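Please read these numbers as outputs of a predicted model, since none were measured by experiment. Worth knowing before you read on, the calculation uses all heavy atoms, side chains too, and leaves out hydrogens, waters and symmetry mates. Read the numbers this way: they start at 1 and go in the same order the structure lists the ligands and their atoms.
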Amino acid sequence: MTDLYAVVGNPISHSKSPQIHTAFAAQTHQDLLYTAQLVPLDRFDSALNKFFEHGGCGVNVTVPFKENAWRYADEFTPRAQRAQAVNTLKKMSDGRILADNTDGVGLVRDLTVNHGVTLTAKRILLLGAGGAVRGVLQPLLEQQPAELIIANRTLSKAETLANDFADLGNINASELTALDGTFDVVINGTSASLSGDLPPIPASVLSAVTVCYDMMYSARTTVFNQWALDHGVPTVIDGLGMLVEQAAEAFALWRDVRPETATVISVLRGERRQRR
Ligand code: ATR
């Protein structure tokens, strides 16, 4: 029987995960079927029970179910345990459900491997303090930046995160408007781009060598990346590579084989250019 995988979310029709995982499966000669499943907001557990009872081997979980998935799982990878939100579930041979969060490693791989950006010993600014940011903190801190500052509209949420991860590195919290000095890497992990908004940070955080990264991606340059370009930042990157890299990490967890990502990223970028 073909092994079944799915991405579950609400909404889900926009998801690129079926295309990405289908490409990975073809490339690595894995016999699997990966679909997108729209799950009603109050039916996450029953939908997953049904999926795993009928041949489901693993799922990716997206908005708004990452915390439901955390509660649904039986076992956690250390990084999922830290994140308290998961984007990947795997049915293990004993039937128990293992949870992982591959977002952070996806972000780090996209920055360091795909774009050659060094994070070690650098000064990093991370904007936002929601689930998306919580999910990437451990892998970012594993790169041992000189300092990681979390800046958020609601300062208390940034402070909570900085406290929760303080044992993993030099991590501090700040108001968005009270940032001092320049940063080597500025990562936008807020959901502001979704509504076309810009977190109100001073342009003084940017220098001629700053790399700006928006964890969101869209057909056009995101508002945040456009702001950075307008202030002379030479390198801006959007979250398309992170999306493919987090998928590759999930695929490796499920299938014990790591797919090659560069081709898939360039196909998706090409399709996006054509739609513009
Ligand atoms: P996600 O799962 O995408 O992280 P979330 O948990 O709702 O979503 O978090 C959204 C983040 O984006 C928060 O840090 C939020 O700031 P607050 O904690 O102050 O709410 C931030 N955010 C959303 N819209 C924003 C805006 N227009 N300007 C600045 N920050 C914004």
Side-chain angles (χ1 to χ4, degrees), residues 7-12 14-17 39 41 44 60-72 79-80 82-89 99-108 110 124-141 148-165 171-179 183 186-206 212-218 221-228 230-231 238-240 242-243 245-247 250:
V7 57
V8 298
N10 188 335
I12 201 63
H14 64 286
S15 176
K16 294 196 184 305
S17 292
V39 170
L41 294 179
F44 180 82
N60 285 134
V61 182
T62 185
V63 179
F65 296 124
K66 288 189 179 182
E67 281 169 26
N68 299 67
W70 157 260
R71 287 191 292 273
Y72 186 83
R79 63 194 180 199
R82 275 276 178 174
Q84 292 180 11
V86 305
N87 71 340
T88 304
L89 296 174
D100 196 4
N101 188 320
T102 65
D103 286 330
V105 74
L107 170 66
V108 168
D110 193 38
I124 301 178
L125 173 61
L126 185 50
L127 308 175
V133 163
R134 193 177 181 96
V136 301
L137 281 176
Q138 179 175 346
L140 276 178
L141 288 167
L148 176 62
I149 292 190
I150 306 179
N152 194 46
R153 186 172 59 182
T154 311
L155 177 62
S156 59
K157 283 162 78 178
E159 287 173 338
T160 301
L161 281 187
N163 280 333
D164 287 355
F165 287 81
I171 177 169
N172 295 296
S174 169
E175 310 248 16
L176 288 169
T177 47
L179 291 159
F183 290 83
V186 181
I187 301 168
N188 183 20
T190 72
S191 53
S193 296
L194 280 179
S195 47
D197 289 333
L198 193 61
I201 57 167
S204 57
V205 301
L206 306 173
C212 283
Y213 193 105
D214 198 335
M215 283 164 55
M216 295 282 161
Y217 69 91
S218 62
T221 306
T222 67
V223 177
F224 173 73
N225 281 352
Q226 190 58 53
W227 169 81
D230 291 345
H231 288 87
D238 73 10
L240 187 68
M242 174 179 172
L243 175 76
E245 293 296 342
Q246 65 76 28

Asker: Any donor-acceptor pair under 3.5 Å linking the side chain of Asp214 with the backbone of Thr222?
Answerer: no

Asker: Say whether Asn152, considering both its backbone and side-chain N or O atoms, lies within less than 3.5 Å of an N or O atom on ligand 1.
Answerer: yes

Asker: Given the protein's heavy atoms, is any one of them under 4.0 Å from atom 8 (O) of ligand 1?
Answerer: no

Asker: Identify the two heavy atoms, one from Val61 and one from Lys66, that lie closest to each other, and give their separation to 0.1 Å.
Answerer: O-CE, 3.4 Å

Asker: Which residue supplies the protein heavy atom nearest to atom 21 (C) of ligand 1, what is that atom called, and how far is it?
Answerer: Thr190 CB, 3.7 Å

Asker: Please tell me if atom 2 (O) of ligand 1 is touched by the protein, where touching means a protein heavy-atom distance below 4.0 Å.
Answerer: yes

Asker: Tell me which protein heavy atom sits closest to atom 20 (O) of ligand 1, plus the residue, atom name and distance to 0.1 Å.
Answerer: Arg153 NH2, 2.9 Å

Asker: Around Gln226, counting heavy atoms of other residues, nucleotides and ligands shown, do more than 12 lie under 6.0 Å from its CD?
Answerer: yes

Asker: When only distance counts, is Ala132 in polar contact with ligand 1, meaning an N/O pair under 3.5 Å?
Answerer: yes

Asker: Counting distance only, does the side-chain N/O of Asp103 pair as donor-acceptor with the main-chain N or O of Val136 below 3.5 Å?
Answerer: no

Asker: Could you identify the single nearest non-hydrogen protein atom to atom 23 (C) of ligand 1 and state the distance to 0.1 Å?
Answerer: Ser191 OG, 3.3 Å

Asker: Restricting to non-hydrogen atoms, name the atom on Ile150 and the atom on Gly128 that form the minimum distance, rounded to 0.1 Å.
Answerer: CG2-O, 3.2 Å

Asker: Over all heavy atoms of both residues, which pair between Leu206 and Ala228 is shortest? Give the atoms and the distance, please.
Answerer: CD1-CA, 4.3 Å

Asker: Does Gly131 reach ligand 1 with a nitrogen or oxygen that is under 3.5 Å from one of the ligand's nitrogen or oxygen atoms?
Answerer: yes

Asker: Considering heavy atoms of the protein only, find what lies nearest to atom 5 (P) of ligand 1 and give residue, atom and distance to 0.1 Å.
Answerer: Gly130 CA, 4.0 Å

Asker: Would you say the side-chain atoms of Asn101 pair up with the backbone N or O of Arg79, donor to acceptor, closer than 3.5 Å?
Answerer: no

Asker: Counting from 1, what ligand 1 atoms have a heavy atom of Thr154 closer than 4.0 Å?
Answerer: 17 (P), 18 (O), 19 (O)

Asker: Would you name the heavy atoms of Ser218 and Asp238 that are closest together and state the gap between them?
Answerer: O-OD2, 4.2 Å

Asker: Suppose I only count heavy atoms of Lys157 and a 4.0 Å limit; which atoms of ligand 1 are within that range?
Answerer: 17 (P), 18 (O), 20 (O)

Asker: Give yes or no for whether the N/O distance cutoff of 3.5 Å, strictly under, is met between Gly128 and ligand 1.
Answerer: no

Asker: Can you name the atoms of ligand 1, numbered from 1 with element, that are less than 4.0 Å from a heavy atom of Ala129?
Answerer: 14 (O)

Asker: Show the numbers, then the answer: is there a side chain to side chain contact (heavy atoms under 4.5 Å, CB included) between Met216 and Leu194?
Answerer: CA-CA 8 Å; Met216 295 282 161; Leu194 280 179; 3.9 Å; yes

